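The next block holds one structure in the form of C-alpha cells; read it before the comments.
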Amino acid sequence: MPPEDLLIEITFGDRRTTGKVVRAERRYLRIEVDPNGSINVTAPMSADLSEIVRRVNRRGGWIFQQLDSIADHPVRTPERRYVSGETHLFLGRQYRLAIEAIDDPCVRIDGARLLVGVRKLNDQAHYRRLLTAFYALQSRDVFRERLEHVFPPFARKGLTKPPLIIRKLSKRWGSYTPKGRIVLNVDLVRASPLLIDYVICHELVHAFHPDHGKEWRSMFDAVMPDWQQRKSSLEAALR
C-alpha cells in the first residue's frame with residue numbers, strides 16, 4: 001500500500017475538515033476541491049508546513065463554499081454499461097474501464113485504467129461479475145487496514161476490536177450489530193480512505209452509544225471533528 005497521505009486540518013469558523021498535502025516542484029500553492037469532496041493541496045517543496053496550513057486556512061471560506069455546493073448539487077452516477085471508456089471509482093479515484101481479450105481473466109489497475117481481461121468480448125454480464133469480484137476482494141484488505149488506522153482512540157476507551165463483515169447492502173454504508181460486529185457495504189471501497197474512515201468511526205461510536213443522540217454526537221466530534229463534512233462528501237461522491 002502507498003504511504004499515508006500528509007493530512008492537515010482546515011477550519012473556518014466552527015467548521016472543520018481535512019485536506020491532503022502533496023509536495024511538488026512548483027512556485028505557488030494550489031488548492032483543489034474534487035467533485036467527491038476531497039481537498040488536495042499541492043505545495044512547493046521548500047514551503048514550511050505551518051505556512052501551508054496558514055495559507056490554506058486563509059482560503060477556508062472558499063473551500064467550505066465549494067464543499068457546500070457539492071453537497072447541495074450531487075452528481076448522480078449514471079447506470080453502468082460496462083463498456084470500454086466509461087469511468088469507475090476505486091478508493092475515490094476515477095478510472096477508465098478498458099476491456100481487453102486475455103487468455104487468463106483478470107481485473108487490475110493499470111495507470112489510469114481499470115483493466116478487465118476476458119477470454120470473450122461483448123459479454124457485459126461477465127465483465128460485471130469480474131468487477132464485482134474485484135471490488136469484493138479489494139474491500140477485504142482496504143477495510144481491515146482502515147479499521148486498524150482509526151481504531152486506537154476506541155481501544156483507549158476499552159473497546160475490543162470488533163469482527164468485520166463485508167457484504168452488499170442496499171440502503172446503508174454500514175451498521176453495528178447487537179453482537180458487536182461491524183458490517184460494511186462492499187460498494188464503500190469505491191470511496192476515498194477518508195470517507196471509509198468516516199463510516200467505520202460512525203459504527204465504532206455505536207459500540208458506546210446505540211442511537212444518534214447527544215452523547216453519540218459528542219463522542220464522534222471528539223474522535224473525528226470533521227465527520228459531518230465527511231458525511232456530506234460521501235453522500236455527494238457515491239450516488
Side-chain angles (χ1 to χ4, degrees), residues 1-75 77 87-96 109-114 138 141-143 145-153 188-202 220-239:
M1 296 297 293
E4 287 291 326
D5 296 327
L6 175 60
L7 302 178
I8 60 171
E9 184 176 65
I10 303 169
T11 62
F12 182 71
D14 60 353
R15 302 183 67 178
R16 298 169 181 267
T17 189
T18 305
K20 181 180 72 173
V21 176
V22 176
R23 302 278 189 171
E25 293 292 348
R26 58 181 294 111
R27 294 179 60 189
Y28 303 106
L29 190 79
R30 183 176 66 194
I31 304 171
E32 297 176 306
V33 181
D34 287 348
N36 66 4
S38 61
I39 302 163
N40 300 304
V41 180
T42 307
M45 299 292 291
S46 59
D48 182 76
L49 182 58
S50 61
E51 176 65 11
I52 293 172
V53 172
R54 186 184 69 81
R55 292 174 62 186
V56 171
N57 276 284
R58 284 175 57 188
R59 300 293 307 281
W62 175 82
I63 290 171
F64 282 99
Q65 183 182 52
Q66 301 304 305
L67 293 173
D68 289 342
S69 178
I70 290 169
D72 291 341
H73 304 92
V75 178
T77 303
T87 58
H88 286 255
L89 285 170
F90 177 62
L91 293 181
R93 298 180 181 180
Q94 289 190 344
Y95 293 90
R96 291 284 180 181
I109 301 295
D110 179 30
R113 303 190 306 164
L114 181 56
Q138 294 296 321
D141 289 337
V142 171
F143 292 169
E145 179 183 286
R146 301 322 300 173
L147 176 59
E148 290 285 342
H149 178 71
V150 303
F151 191 70
L188 187 61
V189 79
R190 297 187 293 132
S192 71
L194 289 177
L195 304 185
I196 296 171
D197 291 354
Y198 152 73
V199 175
I200 295 175
C201 281
H202 179 122
F220 208 172
D221 285 340
V223 173
M224 182 177 282
D226 67 335
W227 69 268
Q228 294 188 64
Q229 184 56 58
R230 297 196 199 202
K231 177 178 183 292
S232 297
S233 296
L234 178 63
E235 292 170 351
L238 299 187
R239 287 292 184 126

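Note that the structure is predicted; figures quoted are calculated from it, not measured.
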Handout entry: 4.5 Å side-chain heavy-atom contact, I196 and L91
Key = yes
Practice task
For residues V22 and K20, determine if any side-chain heavy atom of one lies less than 4.5 Å from a side-chain heavy atom of the other.
Solution key: yes
Handout entry: Pairwise side-chain contact, T18 with E9, heavy-atom cut-off 4.5 Å (strictly under)
Key = no
Problem - Reported CE-to-CG distance for the pair M224 and D226, which is rounded to 0.5 angstrom - result: 6.5 Å
Exercise for the section: Have a look at Y198 and tell me which of Q228, Q229, R230, R146 forms a side chain to side chain contact (heavy atoms under 4.5 Å, CB included) with it. Expected result: R230
Exercise for the section: Please lay out, stage by stage, how L29 and T42 fare under the test side-chain contact (heavy atoms from CB on, under 4.5 Å). Expected result: CA-CA 6 Å; L29 190 79; T42 307; over 6 Å; no
Practice task
Would you indicate whether the side-chain heavy atoms of V150 and V223 approach each other to under 4.5 Å?
Solution key: no
Practice task
Keeping the roles fixed (side chain from R23, backbone from A47), state whether a donor-acceptor pair exists under 3.5 Å.
Solution key: yes
Handout entry: Min side-chain heavy-atom separation Q94-L89 under 4.5 Å
Key = yes
Exercise for the section: State, yes or no, whether a side-chain contact exists between L67 and S232 at a heavy-atom distance under 4.5 Å. Expected result: no
Exercise for the section: Check whether any side-chain N or O of N57 sits under 3.5 Å from a backbone N or O of T11 as a donor-acceptor pair, and report yes or no. Expected result: yes
Handout entry: More than 12 heavy atoms of other groups within 6.0 Å of F12 CZ
Key = no
Handout entry: CZ (R54) with more than 12 external heavy atoms under 6.0 Å
Key = yes
Practice task
Taking the side chain as every heavy atom from C-beta outward, state whether V142 and L188 have any pair of such atoms under 4.5 Å apart.
Solution key: no
Exercise for the section: Count the heavy atoms belonging to other residues, nucleotides or ligands that lie under 6.0 Å from CZ of R16, then report whether that count exceeds 12. Expected result: no
Practice task
Would you check, one step at a time, whether the test side-chain contact (heavy atoms from CB on, under 4.5 Å) holds for I109 with F90?
Solution key: CA-CA 9 Å; I109 301 295; F90 177 62; 4.1 Å; yes
Exercise for the section: Classify the angle between the aromatic ring planes of H202 and F220 as parallel (below 30°), tilted (30 to 60°) or perpendicular (above 60°). Expected result: perpendicular
